[in-house]
Amino acid sequence: MDPRQAVKPDPRRGLPSVDRLIREASGAASELPNWAVRAAAREAVEALRGELEAQGAAADTRGANAADGDVLGRAVADCLARAERLAKPSPRRVLNATGVVLHTNLGRAPLSRAAADAVQAAALSYSDLEMDLEQGGRGDRLAGVAQKLRLLSGAESAHVSNNNAAALLLVLDTLARDREVIVSRGELVEIGGSFRVPEIMQRAGVRLVEVGTTNRTHAEDYENAIGPQTALLLKVHRSNFEQKGFVAEVGLPALAAIGARAGLPVVDDLGSGTLVDLSDRGIPIEAFAPSRLTAGADVVCFSGDKLLGGPQAGILLGKQEIVERCRRNPLARALRLDKLGIAALDATLECLLDGRGEEEIPVLRRLLEPVASLEARARKLAGRLAKNHPAPLRFEVAKESAPVGGGSLPGFALETWVVEVSGAGSAERLAARLRRAETPVLARLRDGLLKIDLRTLEDDECAEVERMLDAALR
Ligand SMILES: *Cc1c(COP(=O)(O)O)cnc(C)c1O
């Protein structure tokens, strides 16, 4: 028998108790909430136990007792770090210096002040959400937003669900359950966050009939696939990629003509849509949702928190008969928008109706800010940074382009101005420090440089970025 084995101490003996750890950690950082310290202490002891057990084989007569102080110190530090992370609110506010206006990982569209105020008002008190104040009876929770959507779009009817994936699911379930839906192979897309068109169709109990090839789909492909089981023709916007080269696609007007001849509805999943025509400002006309109805779609659906600049929501516009059937589908109850979302959407739509979208809706304001204004703001920020940070640090302005993001305008890049930070060592390391700053800053990394893009930063946010950079460069 190995003599060492007989005297080998249990490596877990030096493990502090959870209670002891809670006492030590609370004493060291009284500002941390109790619940977080307690949860963190349990986690820290568990982690330490695992660590000591893993080392167990290697541990010899070096008794755990000798290292007691050490182990406790490490456990307290680990516990405090964990408690701090636990105590942080989620989601946390961050500064978006990436220039990507609709950044899915950063929560897509920030709301306008008016929309945020409407959310607060709806959150803090009772409302007439489902009450008809005239008649004293039950009201329709979507009446207000549906009316504004009709006014903005000219659509016969409007419905809203909790997001666009839900809106599409609702249309498919309503019109095509147990029947066939025809889609081009070039449009069977996956959008970030695991939204895949074929999977949604499967979930809706719809049989997917793929037509054409990845790169080319022709009118005959749709025509030949139409049969007695066909319920509708679906067009899906390629939100996050572009096809170039030897490609062919059946445009919406042509598809609508095929649908009309066959007596089949055409559904257009636009993904990202606006309710103001921004084609004279460089935004493609296809993004204007009403233009899709004019082009022949019977129903169009799109997200509330992409180019529209409102809350997460799925907006359905189109023929009265179809939209009404969607609204009456029992599934609509499971997919409905909550009152805070309704309040935010209503305020966003009101702002658009009143023609204040560009000034007040952050997504539109950022998207439409002139390049000259971005340049001026970039020069100002670079100048201030250079004054506070001498060489070898350098802050240079440069013209760049950035995608709009959020699955909205693929292949469409906006000109923008950035401040490039160099001379601070590794750009990746600086970016990591900025991510962990008191107010996290997300910047762009390109060509080995850290770049602060002004398009997604308001003036007051620039001042904050400056402070976070000051701390990160210290
Ligand atoms: C973004 C997108 C969706 C999903 O919309 P959500 O509002 O995120 O659910 C669906 N279809 C297309 C084409 C999209 O671009």
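Small disclaimer: the values here were computed from a predicted structure and weren't measured. First listed ligand is number 1; within each ligand, the first listed atom is number 1. In this chain, residues are counted from 1 in sequence order.
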Using a 3.5 Å distance criterion without hydrogens, assess whether the side chain of Q312 forms a donor-acceptor pair with backbone atoms of N162. yes

For F195, the atoms of ligand 1 under 4.0 Å from one of its heavy atoms are 10 (C), 11 (N)

Looking only at non-hydrogen atoms, the one of G271, S161, G304 nearest atom 12 (C) of ligand 1 is G271

- Message: Main chain of E415, side chain of R455: is a donor-acceptor contact present, judged purely on distance under 3.5 Å?
- Response: yes

Less than 4.5 Å apart, any side-chain heavy atom of L111 and any of P311?
yes

Practice task
Indicate yes or no: does E420 engage R446 in a salt bridge with an N to O separation below 4.0 Å.
Solution key: no

* R108 near ligand 1 by a heavy-atom separation under 4.0 Å -> yes

One finds that the ligand 1 atoms under 4.0 Å from a non-hydrogen atom of S303 are 5 (O), 6 (P), 7 (O)

Atom 3 (C) of ligand 1 has as its nearest protein heavy atom N164 ND2, 3.5 Å

Those residues at least two apart in sequence (or on a different chain) that pass side-chain contact (heavy atoms from CB on, under 4.5 Å) with R196 are E190, P198, E199

shortest atom 1 (C) of ligand 1-to-protein heavy-atom contact is with K306 NZ, 1.5 Å

When distances are taken from atom 9 (O) of ligand 1, the protein heavy atom at minimum range is A165 N, 2.9 Å

closest protein heavy atom to atom 13 (C) of ligand 1 is S239 OG, 3.2 Å

Counting from 1 in the order shown, the ligand 1 atoms closer than 4.0 Å to a non-hydrogen atom of H237 are 13 (C)

Inset, instruction - Check for a donor-acceptor pair, side chain of R325 on one end and backbone N or O of T174 on the other, with a separation under 3.5 Å. - result: yes

for atom 11 (N) of ligand 1, nearest protein heavy atom and its distance come out as D269 OD2, 2.7 Å

side-chain contact (heavy atoms from CB on, under 4.5 Å) test vs L275 passes for just one of L349, L307, L151, T348, namely L349

